[in-house]
Amino acid sequence: MAKQRGQRLWRPPAPDAATTVRLASLLQSCGRAGDLRRGRLLHARLVLSGAVASSTFLANHLITMYSHCADLASALRLFGAMPRRNAVSWTTLVSGLAQNLMHGDALAAFAAMRRAGVAPTQFALSSAARAAAALASPLPGAQLHCVGVRLGFDTELFVASNLADMYSKCGLLSEACRVFDQMPQKDAVAWTAMIDGYAKNGSLEMAVLSFRDMKREGLVGADQHVFCSVLSASGGLKDGWLGKSIHCCVTKAGFELEVAVRNALIDMYAKSMDVENASRVLKIDTGGWNVVSGTSLIDGYIETDCVEEALGIYVELRRQGVEPNEFTFSSMIKGCAMQALLEQGAQLHTQVIKTDLIRDSFVGSTLVDMYGKCGLISLSMQLFNEIECRTDIAWNAVINVFAQHGHGSEAILAFDRMIYSGIRPNHITFVSLLTACSHTGLVDEGLAYFYSMKDVHGIEPKEEHYSCIIDMYGRAGRLDEAYKFISDMPVKPNAYSWCSLLGACRMRGNKELGEVAAQNLMKLEPGNTGIHVSLSGIYASLGQWEDVKAVRKLMRDSRIKKLPGFSWVDSNKKTHVFGSEDWSHPQQKDIYEKLEELTTRIKEEGYIPDTNFLPYNLEDVTKERILRYHSERIAVAFALISMPATKPIIVKKNLRICIDCHTAFKFICKVERRDIIVRDNSRFHHFVNGRCSCGDYW
DNA sequence: GTAGGGTTAG
């Protein structure tokens with residue numbers, strides 16, 4: 001009593017042991033359930049009874065409860081008011097902050113703990129290491145490592161796992177390895193940290209090898225996280241066999257039905273282009289699908305060009321009452337963009353608005369891309385302007401839309417605005433920007449941007465950027481410079497580079513260089529049928545029919561067939577496909593009549609068929625007939641008779657648009673007063689009022 | 001007696 005009287009404040013007696021234990025377990029249950037209301041009531045009772053002031057143990061429990069309920073303000077207030085704090089109090093604070101993603105504060109609390117002269121516990125150390133990992137801060141991380149070594153905690157399971165995770169998140173894999181190797185015991189979490197560390201740092205093979213090492217120890221204690229990580233690495237390797245063998249381990253270990261593992265399996269199969277097994281895993285009956293698994297499969301279908309199947313999964317998801325999320329929408333919209341499915345894309349857009357995901361930057365960017373790829377450039381721009389948070393992806397999308405439509409100066413303007421708003425361009429930005437310059441003939445600008453990549457933006461040009469420059473020189477007719485560039489460039493020219501040069505040679509009728517390009521291209525892509533077609537096109541345009549014959553013989557001998565040209569057009573929610581001289585359509589008679597009518601009308605306007613490019617030594621009348629029945633022309637005629645005048649005509653083509661059809665469409669759009677958009681395998685052509693957006697430059 | 005780690009989709 002004498003001692004108590006000597007203190008400034010009266011301290012109530014601590015509750016008895018049984019009461020303390022009861023209260024602590026009540027607080028624990030509040031924390032676990034996240035029941036902040038009940039926790040606060042308990043807190044108030046404990047304050048009234050004086051237990052908070054007298055029992056550090058109960059106060060620690062209160063801090064834990066608050067941090068589990070994500071009420072860090074209360075936790076901090078309580079911590080500040082504690083008359084006595086022990087190591088657990090500090091530890092609880094550090095881990096509470098780290099758990100609530102306040103990583104910087106967690107590190108600061110750990111430092112304050114040391115300044116207060118309290119020896120760090122291994123719990124505090126592992127929490128602080130976790131915070132450093134989340135911040136990817138190697139410097140404080142390494143300091144924590146030193147503290148751990150000094151206290152002898154550095155090989156402890158939790159501390160070492162977090163330190164290894166921290167090093168790998170900082171990209172310091174060898175350090176991570178060293179910490180990991182020194183662990184006397186490794187559990188599933190430690191292994192996961194390493195497997196995932198390798199995978200996230202791009203060492204996918206090492207990630208799989210780590211898994212093999214773990215398996216060698218009998219996969220003891222392997223859990224769903226281990227399988228998720230290794231499956232993700234295996235998906236990245238796109239190795240179907242490896243994936244299947246891991247799938248076997250998953251099944252043996254009994255994790256096939258775990259939701260996260262199933263999702264990882266579906267994702268792995270989808271990434272390995274094995275959509276069949278992906279859908280098999282999805283369809284294992286577990287009482288319904290979830291968004292992630294469905295989206296993974298949708299994404300797999302989209303990546304393998306199976307948009308129809310992806311749409312099927314989407315419909316099934318909706319039927320099961322699963323709400324699509326931003327991932328689902330961006331995958332689906334990307335699929336619509338790839339196939340220029342405007343109708344379906346617009347429907348998804350409506351859904352996106354309904355679910356309020358329109359504010360998501362990813363979804364917004366895919367919509368910009370989709371409308372751009374469907375040819376609706378002004379709608380695309382409108383959506384871009386509505387994106388609140390413009391990420392590099394959004395800017396790349398808009399620059400690419402301008403590039404594909406041949407609006408070079410707008411692309412450059414968008415690039416300037418991107419830089420001005422502080423968004424750093426990446427290598428994709430430059431592919432789009434250089435394409436824009438190339439498609440518009442802005443050679444000097446393109447070259448300047450190319451050289452600025454490394455000098456100004458610190459981005460090493462890759463082969464796709466070099467190809468853009470070759471394409472740019474080629475389109476501008478500066479073939480010698482293109483050849484000099486391709487010969488001098490530090491990276492090995494890829495097929496696209498030689499293809500660009502060959503295409504340019506065909507446009508300009510340059511036989512010598514065309515042959516060089518063709519030879520190089522044949523080495524890289526022996527099965528590419530376009531090489532022979534382009535080459536014979538060059539000979540035909542020069543009237544060298546003997547050479548044309550030789551190429552055709554070569555094609556026959558090596559059993560190379562010209563890739564047939566197809567055109568697609570959507571009308572009344574249906575996609576119609578047309579080949580050359582293709583009269584299989586039910587409305588063939590009307591289409592034929594429309595074509596005849598169009599030919600007469602555009603000839604009156606001054607259209608002269610250009611047969612120069614046809615690689616056949618034929619009569620002009622025959623050549624004209626072939627030109628008139630090219631797939632794109634049949635598709636346009638069909639669209640004109642079957643679609644309401646308010647709908648835009650969008651024709652998709654698997655090859656480049658033919659030069660003569662290009663001329664004809666300029667006349668057709670004028671006489672019919674209809675905008676025609678053609679998306680060929682290289683770019684967009686907008687035919688409006690007698691002109692094309694490409695400015696005849698392609 | 002109290003405190004702690006890793007995981008699934010652009």
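The chains referred to below are lettered A, B, ... by the order of the sequence lines, with proteins before strands, and numbering in each begins at 1.
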Original post:
Which parts of residues 133-144 of chain A get close to DNA chain B, meaning a heavy atom less than 4.0 angstrom away?
Top reply: none
Taking atom [atom2] of [N] as reference, at what distance in whole Å does atom [atom1] of [X] sit?
X	N	atom1	atom2	answer
A:D187	B:dT7	CG	P	14 Å
A:L93	B:dG4	CG	P	12 Å
A:D165	B:dG5	CG	P	11 Å
A:M166	B:dG4	CE	C1'	16 Å

Subject >> Presence of donor-acceptor pair under 3.5 Å, side chain of A:E156 and base of B:dG5 >> reply: no
Original post:
Within the modelled atom types, does a donor on one side and an acceptor on the other bring the side chain of A:N162 and the base of B:dG4 under 3.5 Å apart?
Top reply: no
Subject >> Separation between CG of A:L144 and OG of A:S126, rounded to the nearest 0.5 Å >> reply: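 One gets 10.5 Å once the value is rounded to the nearest 0.5 Å.
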**OP:** Give a yes or no on this: more than 12 heavy atoms of other residues, nucleotides or ligands lie within 6.0 Å of atom NZ of A:K215.
**Re:**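 Open.
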Original post:
Heavy-atom count around A:E386 CD within 6.0 Å, excluding the residue itself: above 12?
Top reply: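 Atom CD in A:E386 is packed in, count exceeds 12.
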Could you pull out every donor-acceptor pair under 3.5 Å between side chains of residues 68-77 of chain A and any protein atom, sequence neighbours left out?
from	atom 1	to	atom 2	distance (Å)
A:D71	OD1	A:S74	N	3.2
A:D71	OD1	A:S74	OG	3.1
A:D71	OD2	A:R40	NH2	2.8
A:D71	OD2	A:S74	OG	2.6

Short N/O separations, protein against nucleotides 1-3 of chain B, under 3.5 angstrom:
from	atom 1	to	atom 2	distance (Å)
B:dT2	O2	A:N60	ND2	2.8

Original post:
For the residue pair A:L42 and A:L26, what are the closest heavy atoms and their distance?
Top reply: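 Reported closest heavy-atom pair: CD1-CB, 3.8 Å.
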Original post:
Closer than 4.0 Å, any side-chain N/O of A:R130 to the OP1 or OP2 of B:dG6?
Top reply: yes
Original post:
Hey, do the aromatic rings of A:F211 and A:W191 have their centres closer than 6.0 Å?
Top reply: no
Subject >> For A:R319, all residues meeting side chain to side chain donor-acceptor pair (under 3.5 Å), sequence neighbours excluded >> reply: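 In terms of side chain to side chain donor-acceptor pair (under 3.5 Å), with neighbours along the sequence ignored, A:R319 is linked to A:E316.
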Indicate whether any N or O donor in one side chain lies under 3.5 Å from an N or O acceptor in the other, for [X] and [Y].
X	Y	value
A:Q351	A:R318	yes
A:N290	A:S293	yes
A:S229	A:T192	no

Under 4.0 Å, counting only non-hydrogen atoms across every strand here, what does [X] touch: a base, just sugar-phosphate, or nothing?
X	answer
A:A129	nothing
A:S161	base
A:L157	base

Subject >> Listed partners of A:K200 passing salt bridge (Lys or Arg N to Asp or Glu O under 4.0 Å), at least two apart >> reply: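 Per chain and number, A:K200 pairs via salt bridge (Lys or Arg N to Asp or Glu O under 4.0 Å) with A:D196.
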Short N/O separations, protein against nucleotides 8-10 of chain B, under 3.5 angstrom:
from	atom 1	to	atom 2	distance (Å)
B:dT8	O2	A:N263	ND2	2.7
B:dA9	OP1	A:D267	OD2	3.0
B:dA9	N1	A:N325	ND2	3.2
B:dG10	OP1	A:D299	OD2	2.6
B:dG10	OP2	A:K271	NZ	2.8
B:dG10	N2	A:E326	O	3.2
B:dG10	N2	A:S330	OG	2.8

